[in-house]
Amino acid sequence: MISDTVIPAAVSSIRIRGAREHNLCDVDVDFPHGQVTVITGVSGSGKSSLAFDTLFAEGQRQYIESLSAYARQFLDQIPRPDVDHVDGLQPTLCIDQQAGATHPRSTVATITEIYDYLRLLYARVGIPHCTGCGVAIAQQSVDQIVAALQAIPQDTKLVLLAPLVRGRRGAHREVFEQIRSKGWLRARVDGEIHSLDELPELASRKLHTIEAVVDRLVSRPGNHDRLSESARLALQTGGGVMTVLTQPAGDPTWGERLLSTLNACPGCGQSFQELEPRTFSFNSPYGACPTCDGLGAVESSGKSAGEAMSGTCPDCDGGRLRREALAVTLLDRNIVSVVATPVGDLLDWFADLPERVDDSKRPVASPIASEILHRLRFLESVGLHYLTLDRSAVSLSGGELQRVRLATSLGSGLVGVCYVLDEPSIGLHPSDNQRLIDSIRQLCDRGNTVVVVEHDAAMMSAADRLIDMGPGPGPKGGRVIAQGTFDEVAADPRSVTGPYLSGRLSVAATSARRQPSEDAWLELCDVTTHNLKSVTARFPLGLLVGITGVSGSGKSSLVNDTLVPALESLLTRGGVAESKPRVVSGNGFLSLVGGERVEKLIRIDQRPIGRGPRSCPATYCGLLDEIRKLFAATREAKQRGFKSNRFSFNAATGRCEACGGQGVQKIEMNFLSDLFVTCGRCNGKRYNRQTLMVRFKGHSIADVLEMTVDEAAELFAGFAKIHSLLGSLQAIGLGYLKLGQPSTTLSGGEAQRIKLGTELARPQRGHTLYVLDEPTTGLHFADITRLLGVLHGLVAQGNTVIVIEHSLDVIAACDWLIDLGPTGGREGGRILAAGSPEKVVATPGSRTGEFLRPHLASVSSATLTSDATNR
């Protein structure tokens with residue numbers, strides 16, 4: 001009998017139905033397989049809730065259910081996304097801006113696996129050199145080794161050892177049986193000689209070194225034959241390697257010497273271990289410099305108690321590796337020299353490397369170099385040609401780290417995967433955008449699906465589909481207000497983003513640019529930090545100053561790594577500049593002129609406002625202190641004798657004992673990342689029952705922390721200090737944030753705007769220098785307009801604002817620009833133009849000017865259109 005069952009066709013898209021996570025309002029949406037879908041919308045409209053907290057979270061949940069029962073017994077406590085169902089979901093990978101569990105030792109080379117191939121290349125093709133005399137290492141014959149042993153001074157005690165295990169895990173019982181079967185009675189285990197009848201119990205998970213004691217004798221003419229025979233036997237047993245322990249007559253100390261038929265210096269006769277990939281690993285005791293433990297830097301006690309000063313390790317000169325590893329070269333370069341070279345410069349070096357090595361080594365070098373070149377090209381394709389491979393992962397910006405991970409995914413060759421990306425264009429100059437877009441298209445061309453949360457117009461234009469969330473932030477958002485192609489969304493009257501895409505609206509640029517005063521400048525002379533080419537930069541005071549240039553051109557080196565530390569050295573602890581007019585011979589620069597005109601320096605970056613769930617916006621900006629005072633002043637609190645500290649989740653008296661006031665409990669997952677799950681006793685409220693019984697206008701302290709900034713501003717409208725703080729956060733576009741939202745869930749852009757909002761709430765006295773690094777991170781066009789209003793307001797009060805920025809909207813609104821280039825890395829580090837945006841546009845060779853020219857024209861056109869419409 002033939003079944004009438006109809007087999008449905010393969011689902012052609014990921015279909016989300018009834019998504020209600022956070023502020024999402026029963027969202028139904030489709031993500032077509034094999035296409036690029038961009039989710040956009042104002043800050044807080046629900047983009048991340050849809051992409052990460054629903055789509056990616058459900059993908060992770062389905063993956064976790066495929067794991068063993070042992071892992072699931074912990075992971076079952078993860079709450080499912082609040083969604084009716086998700087169909088057609090592929091395996092999901094999230095490439096976001098968070099550093100996550102990045103190890104302090106991680107580098108660009110290790111993240112991309114390039115370093116694994118480099119270690120293999122140097123172990124198989126590299127030429128070792130003697131650490132003593134620098135001569136290339138050659139093989140040593142057995143007769144040469146025997147002759148060297150017989151030349152040892154008379155009456156010296158000798159112990160000949162044959163290495164059988166070198167740095168391997170295990171109990172190694174079979175090795176001891178092998179030694180016993182050869183008639184030997186002793187073995188050296190991890191540096192200690194033991195009788196085979198009294199061997200220590202070896203931990204199977206630890207690394208061990210085991211050597212058979214072949215012979216013990218004294219160097220005398222009558223023992224030469226015995227010494228020769230034992231040495232040959234030790235070399236044969238040890239695979240061409242033996243260890244000799246020596247104790248000269250009358251000397252209580254023992255010396256140790258490695259002898260090998262494989263690697264020995266033809267000059268001084270010193271032998272070296274055979275090269276292995278782990279020889280070049282700074283994370284392995286066999287490769288790491290013993291002085292700095294593979295960190296490249298050492299710490300020593302400072303002048304004051306508890307102070308520490310770090311400096312370059314004197315033994316490895318910052319190279320992290322043992323001298324033996326540093327002495328191995330390939331085409332006259334050691335591995336440290338290679339990883340210290342920018343990606344763009346390495347492409348040509350590896351392209352013809354197989355042709356330049358010896359014919360005998362070419363079959364080995366060719367496939368390894370091909371794999372390295374493959375990964376280097378992906379790094380270049382995502383705009384990271386200026387990075388060096390030894391760049392620490394913790395020093396990368398969120399956008400750079402995300403693009404490094406994206407390059408790794410491009411090299412993995414995965415197909416049928418859904419990638420979820422979080423603003424990958426952050427930190428990219430407009431000239432690098434197309435390469436990033438091409439890389440994302442490559443993922444789709446291989447059969448993957450890509451979902452991108454993004455505000456960049458170029459990325460939206462290249463997408464197959466746009467989803468516009470809104471119409472507002474927080475409770476006012478959480479809806480799909482427009483979706484379709486770029487042109488369809490641009491023409492949709494309901495879309496908040498559409499008018500900016502069509503050109504009907506633009507981010508407002510200043511019409512009358514402020515002009516610098518003749519005597520109000522900061523002049524930073526002869527700067528050589530990182531890739532800067534002895535530049536002299538002049539920053540006008542009292543203006544909105546933009547620092548522009550392609551990625552890696554030296555913007556952060558000039559401002560964050562030179563100007564900010566130089567000013568900090570001039571400012572006293574109280575924040576008032578010293579009277580001295582300059583700093584001479586500073587770190588990376590010659591002098592700073594005009595620093596006495598700055599009374600206060602405020603650096604607002606994207607570093608987290610806290611390291612754990614205990615930190616939140618309310619604690620950072622001081623709101624919680626004022627709110628606690630209000631709760632302590634209520635009748636209920638006075639009747640119970642509660643003081644303000646009772647309403648702090650950091651105080652033992654008021655917080656939940658089970659979770660320690662964190663609202664979540666930490667579960668260590670052993671081989672997986674630690675989990676934070678909602679506390680079962682307080683249900684995430686952080687406080688104990690007695691504390692929650694105290695109410696202010698019907699709300700407990702936990703209820704207040706669950707409020708958004710907008711909701712709290714309405715509740716506390718009659719309290720000037722609290723309302724001022726909340727108003728500053730609203731002014732910077734953070735009205736949608738919850739007061740108690742854990743800092744670990746905030747983006748870098750949100751953390752930066754919380755810091756800016758906190759500063760806005762403080763009394764302004766002018767002559768303050770604000771430094772911001774890409775403040776448009778995570779901002780929609782409408783939010784950028786609001787941000788520019790705040791920045792111009794600061795300048796109007798007599799302050800100076802310096803922004804490092806790639807957004808053309810912000811660049812066009814600046815009074816003064818300093819443009820660096822012409823490219824990134826070694827070819828950058830020069831000031832190409834300084835002046836108004838119009839001057840930068842007119843400067844030949846400025847990449848910023850090329851993209852700024854049409855943008856200024858479109859802004860003018862949109863302004864005229866808007867004026868005509870308003871009339």
Side-chain angles (χ1 to χ4, degrees), residues 510 513-530 532-549 553-571 575 577-578 580-584 586-605 756 759 766-775 788 791-792 794-806 810-821 828-840 843 846 848:
T510 179
R513 303 194 191 279
R514 303 174 186 88
Q515 299 301 314
S517 302
E518 293 184 5
D519 59 345
W521 294 82
L522 284 175
E523 185 171 338
L524 196 59
C525 303
D526 198 17
V527 187
T528 58
T529 307
H530 300 149
L532 293 174
K533 307 296 192 299
S534 298
V535 301
T536 294
R538 301 183 74 232
F539 304 87
L541 297 176
L543 271 63
L544 176 57
V545 181
I547 311 299
T548 63
S553 59
K555 302 182 296 298
S556 295
S557 298
L558 177 64
V559 177
N560 294 334
D561 301 334
T562 311
L563 177 63
V564 169
L567 280 173
E568 287 175 341
S569 69
L570 274 176
L571 298 175
E578 298 177 1
K580 63 177 75 171
R582 65 181 66 220
V583 175
V584 180
N587 185 23
F589 67 99
L590 178 62
S591 63
L592 172 66
V593 180
E596 73 281 357
R597 297 184 177 92
V598 177
E599 294 185 4
K600 189 176 181 181
L601 171 67
I602 297 176
R603 181 182 180 186
I604 303 174
D605 55 25
L756 180 58
E759 292 297 333
H767 302 291
T768 298
L769 174 61
Y770 293 86
V771 177
L772 295 89
D773 192 350
E774 295 192 70
L788 285 173
L791 298 183
H792 280 298
L794 289 172
V795 175
Q797 294 175 359
N799 302 299
T800 305
V801 178
I802 296 178
V803 292
I804 300 173
E805 196 45 89
H806 290 295
V810 173
I811 294 172
C814 287
D815 302 310
W816 192 269
L817 298 178
I818 298 176
D819 189 41
L820 287 94
R830 296 179 174 86
I831 294 179
L832 303 180
S836 66
E838 287 75 17
K839 181 177 180 180
V840 173
T843 302
S846 170
T848 302

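Positions are given from 1 along the sequence. FYI, side chains are in, hydrogens and waters are out, and symmetry mates aren't considered; it's all heavy atoms of this structure.
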Quiz item: Say you draw a straight line from NE2 of His806 to NZ of Lys555; how long is it, rounded to the nearest 0.5 Å?
Solution: 3.5 Å
Exercise. Would you give the length of the straight line joining atom CG of Asp519 to atom CG of Leu541, rounded to the nearest 0.5 angstrom?
Key: 9.5 Å
Quiz prompt | Ala812 to Pro837 - nearest heavy-atom pair and separation | solution = O-CG, 4.2 Å
Practice problem: Could you list all the salt bridge (charged side-chain N to carboxylate O under 4.0 Å, His left out) pairs where at least one residue sits in residues 532-548, not counting sequence neighbours? | Solution: Glu523-Arg538
Quiz item: With a 4.0 Å cut-off, would you call Arg603 and Glu568 a salt bridge?
Solution: no
Practice problem: Could you tell me which residues satisfy salt bridge (charged side-chain N to carboxylate O under 4.0 Å, His left out) with Asp605, sequence neighbours excluded, listed by chain and number? | Solution: Arg607, Lys755
Quiz item: What are the two closest heavy atoms between Leu571 and Lys600, and how far apart are they?
Solution: CD1-C, 4.3 Å
Practice problem: For Asp815 and Arg514, work out which heavy atoms get closest and say how close. | Solution: OD2-NH1, 2.9 Å
Quiz item: Which residues pass the side chain to side chain donor-acceptor pair (under 3.5 Å) test with Ser534, sequence neighbours left out?
Solution: Asp526
Quiz item: What residues form a side chain to side chain donor-acceptor pair (under 3.5 Å) with Thr848, not counting sequence neighbours?
Solution: His429, Asp819
Which donor-acceptor pairs under 3.5 Å do the side chains of residues 559-567 make with protein atoms, sequence neighbours left out?
unit_1: Asn560; atom_1: ND2; unit_2: Asp773; atom_2: OD2; d: 3.2
unit_1: Thr562; atom_1: OG1; unit_2: Thr529; atom_2: OG1; d: 2.7
unit_1: Thr562; atom_1: OG1; unit_2: Ser557; atom_2: O; d: 2.7

Quiz item: Roughly how far, to the nearest 0.5 Å, is CG of Leu820 from CG of Leu532?
Solution: 6.5 Å
Quiz prompt | Under 3.5 Å donor-acceptor, Lys839 side chain and Ala833 backbone | solution = no
Quiz item: Do the side chains of Leu590 and Thr536 get nearer than 4.5 Å, heavy atoms only?
Solution: no
Quiz item: In Å and rounded to the nearest 0.5 Å, what is the CG to CG distance from Leu524 to Leu558?
Solution: 6.0 Å
Practice problem: To the nearest 0.5 angstrom, please state how far the CG atom of Leu592 sits from the CZ atom of Phe539. | Solution: 9.0 Å
Exercise. Of all the heavy-atom pairs spanning Gly595 and Leu570, show the shortest one and how long it is.
Key: CA-CD1, 3.7 Å
Quiz item: Does a side-chain heavy-atom distance below 4.5 Å link Leu772 with Leu791?
Solution: yes
Quiz item: Are any non-hydrogen side-chain atoms of His530 and Ser556 less than 4.5 angstrom apart?
Solution: no
Quiz prompt | Cys814 backbone acceptor or donor facing Arg513 side chain under 3.5 Å | solution = yes
Quiz prompt | Ile811 versus Leu817, closest heavy-atom pair with distance | solution = CG2-CD1, 3.5 Å
Exercise. Output all residues satisfying salt bridge (charged side-chain N to carboxylate O under 4.0 Å, His left out) with Glu805, sequence neighbours left out; order by chain, then residue number.
Key: none
Quiz item: Picking from Ile802, Leu544, Val545, what satisfies side chain to side chain contact (heavy atoms under 4.5 Å, CB included) with Trp816?
Solution: Val545
Quiz item: With no hydrogens and no angle check, is any side-chain donor or acceptor of Thr800 less than 3.5 Å from a backbone partner on Gly542?
Solution: yes
